[in-house]
Amino acid sequence: MIRKLYLLPLLLITMYSCTGNDDSEYENINLEERVDAGGETTIYSTTTNAYSSPAPNLTGAEYDNHFEGDLLFEATFVTAPATVNPGLGSIYNNSACINCHPRDGRAKHPTDVNSANGLLVRASIFGTDEHGGPVAVPGFGLQIQNRAISGYAPEAAYTVSYTTQTETFADGTTVVLRKPTIALSNPYTSLPGGVMLSTRLGTPIFGLGLLEEIPETNILAQQDLSDADGDGISGKANYVWNPFTLRTELGRFGWKANTASIIVQCASAYVEDMGITNPIFTLETGHGQTNGGIPGLEPEVTMETLEKIALYCKTLGVPAARNTDKPSVKRGARLFEQLECAKCHTPKQVTGNSSIIALRNQTFYPYTDLLVHDMGEGLADNRPDFMATGTEWKTRPLWGIGLTNLVNGHTDFLHDGRAKNVEEAILWHGGEAEKSKTKYKNLNATQRSELLEFINSL
Ligand code: HEC
Ligand code: HEC
């Protein structure tokens with residue numbers, strides 16, 4: 001007790017210098033060096049192609065493979081037999097990668113959930129499988145396919161309902177938030193009880209090769225599992241099964257860091273999202289409703305295709321940050337530190353010695369730690385995914401976010417696109433980020449707009 005009292009004045013001084021009005025601590029943020037958000041893979045485009053340009057530093061051979069991968073990413077699959085891109089389904093969510101990742105960017109939160117593109121629903125029942133992953137729903141698997149080719153039935157239709165809640169800022173301004181809840185209707189066969197669902201929207205896919213090449217030790221160094229520094233922010237690595245290397249590995253991709261590598265993400269997209277078998281996933285996902293992929297048959301796409309489409313996702317250039325010399329943007333960057341946003345949205349990362357020359361030894365600014373964080377009940381899907389619990393999500397990279405409206409014509413953020421803009425995304429932060437949100441709500445209107453201006457400069 002005596003010791004605590006003795007420490008109190010010291011504590012107050014430290015708290016004041018971290019959170020008080022004194023900006024000097026953050027005066028040295030060098031936004032100029034962060035312009036090259038993707039290091040040497042940065043592209044300086046403020047057009048609708050800002051997410052879909054190859055990194056400028058690719059070698060000739062890498063560029064050729066990137067271009068072939070681009071065509072694969074845009075290819076629409078059709079029902080077999082056909083001469084071009086056969087094998088769609090039997091059941092599927094969409095017929096082309098690009099439909100869910102429009103202009104290599106972000107899908108919109110749909111108004112009509114079954115006819116729109118870009119959304120999928122993962123499913124599981126209680127427990128963990130032999131690799132610590134989610135347990136497939138008998139008859140339905142780990143993802144609900146809401147479309148089917150002729151002669152087959154979609155597994156179920158998606159339905160969404162909404163609830164609203166109001167957030168009030170310290171200055172009295174209010175914002176009404178809308179929360180979607182997904183459910184299933186018309187299942188092709190009876191659904192077991194206790195099915196857990198997770199709604200996810202298609203993400204931007206540029207800059208992913210850089211994220212894949214961050215040395216694992218750097219990511220683990222950001223963990224603070226027991227919150228030893230007492231800032232309320234822990235962060236933890238998700239470890240997931242990699243069906244290609246047949247090992248448990250650090251998860252980096254997907255909204256819960258539920259996938260270890262880009263090639264596995266691409267292979268699972270082929271089989272789960274489109275019904276296209278491949279060398280990593282040789283079996284159709286149809287659960288009895290299959291139209292091929294019988295063991296012994298050739299997969300519908302080859303290893304070469306997987307490698308090219310993965311290379312494409314790895315080598316899309318990262319759009320440069322903009323307006324970094326504007327005083328309001330600089331002030332916004334300081335607020336980003338003061339509100340502790342940067343404790344999860346880590347500005348700077350580096351790569352090591354990649355086999356892709358263009359990605360080697362880069363310094364870049366993705367604004368993510370690639371760790372999962374408890375984000376509170378408001379954002380929870382209550383569906384664990386390997387070590388990520390039902391309230392945990394991976395810190396989203398913020399690079400390129402300010403160009404979303406230009407490229408994709410909307411600003412629907414977060415895993416299910418519930419936030420209509422950056423401010424709503426911040427207001428959904430809870431759990432480990434509750435303190436950041438509260439600090440945001442205590443800002444005045446000028447400060448709020450400076451912070452938003454900074455985010456939109458990325
Ligand atoms: C039905 C919509 C849909 C289709 C079709 C689709 N995706 Fe995706 N994609 C998503 C969603 C949703 C996620 C996030 C998945 C998660 O959180 O588990 C995602 C994630 C990804 C990621 C990881 C992004 C990141 O930042 O972590 C990559 C890479 C990717 N998709 C590539 C592809 C490729 C390649 C194809 C085509 C073979 C494809 N996708 C087809 C919806 C789709
Ligand atoms: C405890 C870690 C943490 C802190 C602190 C934090 N964030 Fe986040 N942020 C996340 C996670 C995790 C997500 C993804 C949540 C989801 O999709 O459900 C996210 C998502 C976002 C998004 C939406 C991105 C997208 O692509 O959809 C924005 C914008 C954002 N954060 C801004 C901020 C700002 C500004 C602050 C400070 C006021 C902040 N965050 C503080 C972890 C954090």
Side-chain angles (χ1 to χ4, degrees), residues 69 72-73 75 77 92-101 106-107 117-122 143 145-147 198-208 211 232-235 252-259 262-263 265-274 276 278 301 305-306 309-310 312-314 332 335-336 338-345 367-369 371-375 378-381 385 392-398 400-401 404 411-419 421-426 428-437 439-440 443 451-452 454-455 458:
L72 295 166
F73 199 80
F77 279 79
Y92 63 102
N93 289 114
N94 216 298
S95 55
C97 312
I98 193 84
N99 290 347
C100 293
H101 301 280
R106 184 185 304 251
N117 296 324
L119 179 144
L120 58 82
V121 177
R122 300 210 188 282
Q143 188 168 316
Q145 285 79 16
N146 63 333
R147 290 182 167 127
S198 180
T199 311
R200 304 191 188 182
L201 273 185
T203 53
I205 55 148
F206 60 81
L208 298 185
L211 298 179
I233 297 176
S234 43
R252 298 173 190 243
F253 302 101
W255 288 97
K256 284 196 186 238
N258 42 296
T259 306
I262 295 168
I263 198 159
Q265 182 81 47
C266 295
S268 74
Y270 267 131
V271 79
E272 286 280 352
D273 304 356
M274 297 158 65
I276 305 295
N278 56 70
V301 294
T305 295
L306 281 187
I309 206 162
Y312 175 70
C313 298
K314 288 178 193 182
L335 286 165
F336 191 75
Q338 286 167 339
L339 271 53
E340 299 183 48
C341 314
K343 286 199 170 170
C344 300
H345 296 281
Y367 293 86
T368 176
D369 54 8
L371 299 175
V372 296
H373 295 270
D374 178 348
M375 295 298 284
L379 279 176
D381 64 355
D385 211 336
E392 287 175 333
W393 297 96
K394 182 186 80 184
T395 309
R396 274 301 304 165
L398 298 177
I401 193 169
T404 309
T411 52
D412 294 353
F413 297 123
L414 300 174
H415 62 272
D416 54 9
R418 67 177 69 183
N421 49 47
V422 171
E423 180 162 85
E424 287 193 15
I426 298 169
W428 275 111
H429 282 53
E432 293 173 39
E434 183 75 34
K435 204 162 41 142
S436 282
K437 177 185 65 182
K439 286 185 182 177
Y440 180 79
L443 298 179
L451 178 65
L452 299 179
F454 167 66
I455 306 278
L458 302 178

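The basis for the numbers below is simple: all heavy atoms, side chains too, and nothing from hydrogens, waters or symmetry mates. Remember, it's 1-based here, ligands and their atoms both numbered in the order they're listed.
Residue contact check for ligand 2: E340 places a non-hydrogen atom closer than 4.0 Å to it. Residue contacts with ligand 1 do not include R252, since none of its heavy atoms lies under 4.0 Å from the ligand. Under a 4.0 angstrom heavy-atom cut-off, K439 registers as lying outside contact with ligand 2. S95 does not count as a contact of ligand 1, since none of its heavy atoms falls under 4.0 Å from the ligand.
With hydrogens and angles left out, the side-chain atoms of T259 and Q265 include a donor and acceptor closer than 3.5 Å. With hydrogens and angles left out, the side-chain atoms of N258 and R200 include a donor and acceptor closer than 3.5 Å. The closest side-chain donor-acceptor pair between D416 and T199, if any, does not fall under 3.5 angstrom. Looking only at atom types and distance, the side chain of Q143 has a donor-acceptor partner in the side chain of D273 under 3.5 Å away.
Comparing H373, K437, M375 against atom 10 (C) of ligand 2, the shortest heavy-atom distance belongs to M375. Taking all heavy atoms of L72, T203, N94, N99 into account, the minimum distance to atom 24 (C) of ligand 1 is reached by T203. For atom 13 (C) of ligand 1, the nearest non-hydrogen atom from the set I205, T199, L201 belongs to L201.
The shortest contact between atom 38 (C) of ligand 1 and any protein heavy atom is with C97 SG, 2.6 Å. From the protein, the heavy atom lying nearest to atom 25 (C) of ligand 2 is R106 NH1, 3.4 Å. Looking only at protein heavy atoms, the nearest one to atom 18 (O) of ligand 1 is R122 NH2, 2.7 Å. Nearest protein heavy-atom neighbour of atom 27 (O) of ligand 1: G254 N, 2.7 Å. When hydrogens are left out, the protein atom nearest atom 20 (C) of ligand 1 is Q265 NE2, 3.3 Å; that is the closest non-hydrogen contact. Nearest to atom 1 (C) of ligand 1 among the protein's heavy atoms is C100 SG, 2.8 Å. Counting only heavy atoms of the protein, atom 39 (C) of ligand 1 lies nearest to A269 CB, 3.4 Å. Nearest protein neighbour of atom 6 (C) of ligand 1, counting heavy atoms only, is D273 OD2, 3.1 Å. Protein heavy atom closest to atom 26 (O) of ligand 1, with residue, atom name and distance, is L208 CD2, 3.5 Å.
With a 4.0 Å heavy-atom cut-off, ligand 1 is reached by no atom of Y312. At a heavy-atom distance under 4.0 Å, no atom of Y440 approaches ligand 2. Only the side chain of M274 comes within 4.0 Å of ligand 1, counting heavy atoms alone; its backbone N, CA, C and O stay farther away. In A96, the part holding a heavy atom less than 4.0 Å from any atom of ligand 1 is the backbone. Counting heavy atoms closer than 4.0 Å to ligand 1, residue T259 contributes nothing at all.
Residue E432 has no nitrogen or oxygen atom sitting less than 3.5 Å from a nitrogen or oxygen atom of ligand 2, judged on distance alone. An N or O contact shorter than 3.5 Å is missing between L379 and ligand 2 by distance. For Y270, no nitrogen or oxygen atom sits less than 3.5 Å from a nitrogen or oxygen atom of ligand 1, counting backbone and side chain alike. Here's the thing with N258: one of its N/O atoms is less than 3.5 angstrom from an N/O atom of ligand 1.
Side-chain N or O atoms of H101 include none that pairs as donor or acceptor with a backbone N or O of I205 at under 3.5 Å. Judged purely by atom type and a 3.5 angstrom limit, K394 uses its side chain to pair as donor or acceptor with the backbone of R252.
Ordered by chain and number, H345 NE2, H429 NE2 make up the set of protein N, O or S atoms under 2.8 Å of atom 8 (Fe) of ligand 2.
In this pair, F336 and Y367 present their aromatic rings perpendicular. The plane angle is above 60°, beyond the 30 to 60° band. Ring geometry, W255 versus H415: the interplanar angle exceeds 60°, so the pair is classed perpendicular (tilted spans 30 to 60°).
In this structure, F413 CZ and I401 CD1 are separated by 4.0 Å, a value rounded to the nearest 0.5 Å. Note that CD of E423 is 5.5 Å distant from CG of L452, once rounded to the nearest 0.5 Å.
No side-chain heavy atom of R418 sits under 4.5 Å from any side-chain heavy atom of D412. Looking at R147 and N93, their side chains never come closer than 4.5 Å, going by heavy atoms from C-beta outward.
Residue contact check: K394 has heavy atoms under 4.0 Å from atoms 11 (C), 12 (C), 13 (C), 14 (C) of ligand 2. Every atom of ligand 2 with a heavy atom of I455 under 4.0 Å away is listed here by number and element: 35 (C). Against a heavy-atom cut-off of under 4.0 Å, N93 is close to the following atoms of ligand 1: 1 (C). Near W255, with a cut-off below 4.0 Å to any heavy atom, the atoms of ligand 2 are 17 (O). Counting atoms of ligand 1 from 1 in the listed order, those under 4.0 Å from a heavy atom of F253 are 27 (O). Per-residue contacts place L120 under 4.0 angstrom from the following atoms of ligand 1 (heavy atoms of the residue considered): 12 (C), 42 (C).
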> Between F77 and Y92, does a ring-ring contact (aromatic ring centres under 6.0 Å, His included) hold up when you go through it step by step?
Replying inline: CA-CA 11 Å; F77 279 79; Y92 63 102; over 10 Å; no
>> Under the criterion side-chain hydrogen bond (donor to acceptor under 3.5 Å, both in side chains), I'd like the reasoning laid out for N421 against T411: C-alpha separation, chi angles, the key distance, then a yes or no.
In response: CA-CA 5 Å; N421 49 47; T411 52; 5.7 Å; no
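For the pair K256 and W393, the cation sits on the ring face: its NZ or CZ lies under 6.0 Å from the ring centre, inside 45° of the axis.
Per residue H101, closest N, O or S atom to atom 8 (Fe) of ligand 1: atom name NE2.
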